[in-house]
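Here the structure comes first, spelled out in structure tokens, and everything after it is commentary.
Note that the numbering runs from 1 along the sequence shown for the chain.
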Amino acid sequence: MEFLEIGGSESLRSYWKMYLPKVLLLIYVVDSADHARLPVAKQLLHQLIQNNSTLPVVVLANKQDLEGAYCITDIHDALALSDIGDERKMFLIGTHVAEDGSEISSSMKDAKELIAQLVLETQIVWGNQETLWTVPRGAVTARPSPRTAALAKPKKDFGKHRCRSVIGTRPPLVDFGFPSDRLLKLSEPKQDPVAYLQQRPHQSPQWPVSPAALNCKATPRILELSRPKAVHPDFMLAREVPTQVTHAAISARASSRLQCLAEPRVRKVTCCYDNSFPESVIRPVSLLAQKAIPSPRTLELARAKTVHPNYIPVRDAEWPVTKAAQHAVATPRIVELAQPCKRPSMNFVQLNLDAFTVKESAMKATCSARIQELALPIKR
């Protein structure tokens, strides 16, 4: 496989579209810990692949080992990958690389196998389509060595032996897709208990300390700052005031007056209406309050506030009447219709046989389009 790495700075983004038509797979690497640049990465990714709907895309969410890095679900939402993964093959893998490069994480191995599988699938040619890289004549007429012929043979199929694995068979990379919420929750690292975080030693791997920091000698200033602050000399702890009870008070018997005063006060007047007298007042006013004479200050405060001189009251809507309507004379029919309807009293039952009779002229009448429109019920 041939890889071509192009940077993501602004000066190099113009070269992206020059190489995009000739590639088999696009590997888009983002920084999971750099939250501010994720919106820019989302915009550039959507612009890059908007004209190629079949190009497979593999997004590597790198630097997952750093503190504050977004998880896989947050990266998926930040880049809006659900909008580009309907018609194309799209994969999202969280990766991280050690600083010294001595250990390769399992996520990098999975990404390597996935990329190899996608490249092999894309290189298959169907119909009369030409490959991107032409095969030289020497490679066509070359004879493979015994070693190459042995490696080219298909692997033996052990499926007919029905061997069952304890852990379970691994799903093929062809059907690899975005994991479910349950798998993402189970893949998150477990958090340490609070008791361990409070009592863990300094040799714990969660406190990485460089050899220079372990072997350094603290200066007098650092030693002075590392000492705990002393309590102020005038500081006094909170003291509880004890209540001493004498033996005479313990053995004494309260009088009837003390027992009466010790009982809780029962308020008969409450802020709720009584069920039997709903028209009674909530708080009764005493006679002294009714006969009291208010002071000039109370009268001044009781007055209503005056309206601002520039205040304009709310005016009702006006309908202008034309001069022809003002000088019009009502016909007898309009005068008859303007009179209020006289209905009989409802205190007794009255039988009116002519209440439901319809005239012959009304039965033969044809309604106009306006009347039919007004007869339709209002749709709310």
Side-chain angles (χ1 to χ4, degrees), residues 38-40 42-54 73-74 76-90 177-178 180-182 269-285 290 294 298-380:
L38 286 177
V40 180
K42 167 193 171 184
Q43 180 181 2
L44 295 176
L45 176 60
H46 286 254
Q47 293 177 357
L48 187 62
I49 62 176
Q50 63 181 355
N51 296 329
N52 194 342
S53 60
T54 59
T73 54
D74 296 337
H76 186 274
D77 297 337
L79 299 180
L81 298 181
S82 57
D83 300 337
I84 65 175
D86 295 334
E87 300 179 2
R88 74 175 79 245
K89 294 182 180 180
M90 193 276 299
F178 190 76
S180 61
D181 297 337
R182 177 61 178 170
V269 180
T270 60
C271 296
C272 301
Y273 286 103
D274 193 358
N275 295 330
S276 58
F277 302 99
E279 67 277 1
S280 61
V281 296
I282 299 177
R283 297 182 180 275
V285 184
Q290 295 178 6
T298 305
L299 294 176
E300 182 181 357
L301 294 175
R303 292 175 184 173
K305 293 184 179 180
T306 58
V307 184
H308 196 270
N310 297 332
Y311 171 75
I312 299 178
V314 180
R315 294 178 293 180
D316 297 335
E318 299 179 358
W319 290 270
V321 184
T322 59
K323 294 182 179 180
Q326 294 178 3
H327 298 286
V329 180
T331 60
R333 177 59 178 167
I334 295 178
V335 175
E336 181 182 358
L337 293 175
Q339 294 179 0
C341 182
K342 297 180 180 180
R343 298 181 181 275
S345 177
M346 301 298 294
N347 296 332
F348 59 92
V349 179
Q350 183 179 3
L351 179 62
N352 186 8
L353 299 178
D354 299 333
F356 300 97
T357 57
V358 184
K359 299 180 181 179
E360 295 182 1
S361 58
M363 297 175 63
K364 299 179 181 179
T366 304
C367 297
S368 61
R370 178 59 178 168
I371 294 178
Q372 292 180 359
E373 181 183 357
L374 294 174
L376 295 175
I378 298 176
K379 297 181 179 180
R380 300 185 182 275

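The backbone N or O of Leu79 sits less than 3.5 Å from a side-chain atom of His46, completing a donor-acceptor pair.
No side-chain heavy atom of Leu374 sits under 4.5 Å from any side-chain heavy atom of Ile371. You'll find the side chain of Val358 reaches within 4.5 Å of the side chain of Met363, heavy atoms only. Between Leu81 and Leu45 the shortest side-chain heavy-atom distance falls below 4.5 Å.
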Can you check side-chain contact (heavy atoms from CB on, under 4.5 Å) on Arg88 and Ile49, steps first, answer last?
-> CA-CA 10 Å; Arg88 74 175 79 245; Ile49 62 176; 3.9 Å; yes

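Under the rule for a side chain to side chain contact (heavy atoms under 4.5 Å, CB included), the partners of Val321 that lie at least two apart in sequence or sit in another chain are Ala325, Gln326. Considering only residues two or more places apart in sequence or on other chains, Arg333 meets the salt bridge (charged side-chain N to carboxylate O under 4.0 Å, His left out) condition with Glu336.
Taking CG from Asp181 and OG1 from Thr73, the interatomic distance works out to 8.0 Å, rounded to the nearest 0.5 Å. The NE2 atom of His76 lies 4.5 Å from the CE atom of Met90; values are rounded to the nearest 0.5 Å.
The local environment of CD1 in Ile312 is sparse, with at most 12 non-hydrogen atoms from other residues, nucleotides or ligands closer than 6.0 Å. Within a 6.0 Å radius of CD in Gln50, more than 12 heavy atoms belonging to other residues, nucleotides or ligands are found.
In this structure, Cys367 and Gln372 approach most closely via the heavy-atom pair O-NE2, 3.7 Å. Nearest heavy-atom pair across Lys42 and Ala80 is CE-CB, 3.8 Å.
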